[in-house]
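Below is one structure; the comments refer to it alone.
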Amino acid sequence: MINLKSHKIICQQFPIKETGLTIIEMVIAIAIISIIASVGIPRLQGMFHSNRVAALANEFIGNLNLARSEAVRRSERVVLCVSVDGQTCATEGSWDQGWIIFVDPKANNTVEQDDQLLRIRGPLDNNVKMVGNTNVQRSITFLANGAVAGIGTGTITLCSHKQGIELRLIRTGRMRSERTTCS
């Protein structure tokens with residue numbers, strides 16, 4: 001049997017406090033969260049695309065440096081070219097299709113059976129465009145001294161969602177990059 005007197009005393013000593021939000025407090029909290037999200041999400045997306053472009057540019061620069069250093073180390077021509085299939089240089093298209101790096105001892109800019117493939121890079125994501133100007137439209141050849149064959153300056157532009165990086169390659173084989181906006 002329950003003693004009601006003692007139960008009443010316990011409840012008074014430890015009152016049950018109701019917690020929670022009223023409907024008005026809930027609506028205000030949702031409104032504040034919506035405002036913060038509408039301001040923050042576009043900025044985060046821009047930062048995400050900017051970092052993605054920077055990572056791809058760094059990957060390409062790393063591949064250029066690999067091709068150049070291999071040309072010097074081997075004292076042979078090394079070619080970095082656009083490739084769709086990962087085995088041959090493409091005659092159409094742009095860098096976003098992917099590329100290969102190979103040793104070209106016969107200096108014919110063609111992958112032959114005895115030429116060594118050094119690196120294969122598959123296509124970039126659909127939202128990424130990578131285009132070279134006339135001098136570096138589909139291939140870059142490094143000579144045994146590390147210089148680039150046949151160009152004064154070449155420019156490759158990498159773009160994703162209006163975020164871009166422009167890579168400038170000069171005849172000595174050096175690369176410079178700078179941020180740019182894309183249309």
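We number each residue from 1, following the sequence as shown.
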What are the two closest non-hydrogen atoms of Ile101 and Ala67, and how far apart are they? CG2-CB, 3.9 Å
Test: salt bridge (Lys or Arg N to Asp or Glu O under 4.0 Å). Region: residues 48-60. Which pairs qualify, not counting sequence neighbours? Arg52-Asp125, Glu59-Arg121
Keeping to residues at least two apart or across chains, list the side-chain hydrogen bond (donor to acceptor under 3.5 Å, both in side chains) pairs with something in residues 93-103. Ser94-Asp96
Residue pair Ile156 / Phe60, side-chain heavy-atom distance below 4.5 Å: yes
State, to 0.1 Å, how close Ile100 and Cys89 come at their nearest heavy-atom pair, and which atoms those are. CD1-N, 4.3 Å
Scan Ile170, Leu169, Val148 and name whichever one has a side-chain contact (heavy atoms from CB on, under 4.5 Å) with Met175. Leu169
When rounded to the nearest 0.5 angstrom, what distance separates CD1 in Ile33 from OG in Ser38? 12.0 Å
Side chain of Asn135, backbone of Thr153: donor and acceptor closer than 3.5 Å? yes
Does any N or O in the side chain of Ser177 come within less than 3.5 Å of the main-chain N or O of Leu167, such that one atom is a donor and the other an acceptor? no
Go through the structure and list residues passing side-chain contact (heavy atoms from CB on, under 4.5 Å) with Ile30, not counting sequence neighbours. Met26, Ser34
Go through the structure and list residues passing salt bridge (charged side-chain N to carboxylate O under 4.0 Å, His left out) with Arg73, not counting sequence neighbours. Glu70
I'd like to check the side-chain contact (heavy atoms from CB on, under 4.5 Å) partners of Gln87; sequence neighbours left out, ordered by chain and number. Asp85, Leu117, Ile120
With side-chain contact (heavy atoms from CB on, under 4.5 Å) as the test, would you mind laying out the steps for Leu66 and Arg119 before giving the verdict? CA-CA 9 Å; Leu66 170 71; Arg119 177 132 332 143; 3.7 Å; yes
Ile61 and Leu118: same hydrophobic cluster, using ILVMFWY side-chain contacts below 4.5 Å? yes
Does the side chain of Leu56 reach to within under 4.5 Å of the side chain of Met130, using non-hydrogen atoms? no
Interatomic spacing from CZ in Phe142 to CG in Leu64 - rounded to 0.5 Å: 5.0 Å
Please confirm whether the backbone N or O of Ala90 pairs with a side-chain atom of Arg138, one donor and one acceptor, at under 3.5 Å? no
For Arg77, check side-chain hydrogen bond (donor to acceptor under 3.5 Å, both in side chains) against everything at least two apart and list the hits. Asn109
Between Ser160 and the options Val128, Asn126, Ile165, the side-chain contact (heavy atoms from CB on, under 4.5 Å) test singles out Val128
Partner set under salt bridge (charged side-chain N to carboxylate O under 4.0 Å, His left out) for Arg176, not counting sequence neighbours: Glu178
Residues two or more places apart in sequence or in another chain: which of them pass side-chain contact (heavy atoms from CB on, under 4.5 Å) with Thr155? Asn133, Thr157, Glu166, Arg168
Which disulfide bond (SG atoms under 2.5 Å apart) pairs, counting each pair once, include a residue from residues 118-183, with sequence neighbours left out? Cys159-Cys182
Would one find more than 12 heavy atoms of other residues, nucleotides or ligands at under 6.0 Å from atom CZ of Arg174? no
Applying the 4.5 Å side-chain criterion to the ILVMFWY set and letting contacts propagate, would Val27 and Ile35 be lumped into a single cluster? no
With sequence neighbours excluded, residues passing side-chain contact (heavy atoms from CB on, under 4.5 Å) with Lys106: Asn108, Glu112, Asp114
Among the clusters formed by ILVMFWY side chains lying less than 4.5 Å apart, do Val78 and Val111 turn up in the same one? no
Where at least one partner belongs to residues 152-164, residue pairs that pass salt bridge (Lys or Arg N to Asp or Glu O under 4.0 Å), sequence neighbours excluded: none
Nearest 0.5 Å, please: how far is SG in Cys81 from CD in Gln137? 13.0 Å
Taking all non-hydrogen atoms of both residues into account, name the closest pair between Asn145 and Ala147 and its distance. OD1-N, 2.9 Å
Kindly write out the residues that satisfy side-chain hydrogen bond (donor to acceptor under 3.5 Å, both in side chains) with Ser50, not counting sequence neighbours, or none if the list is empty. Arg179
For the residue pair Val79 and Ser139, what are the closest heavy atoms and their distance? CG1-CB, 4.5 Å
Atom pair CD/CG of Glu76 and Leu143 - distance to nearest 0.5 Å: 12.0 Å
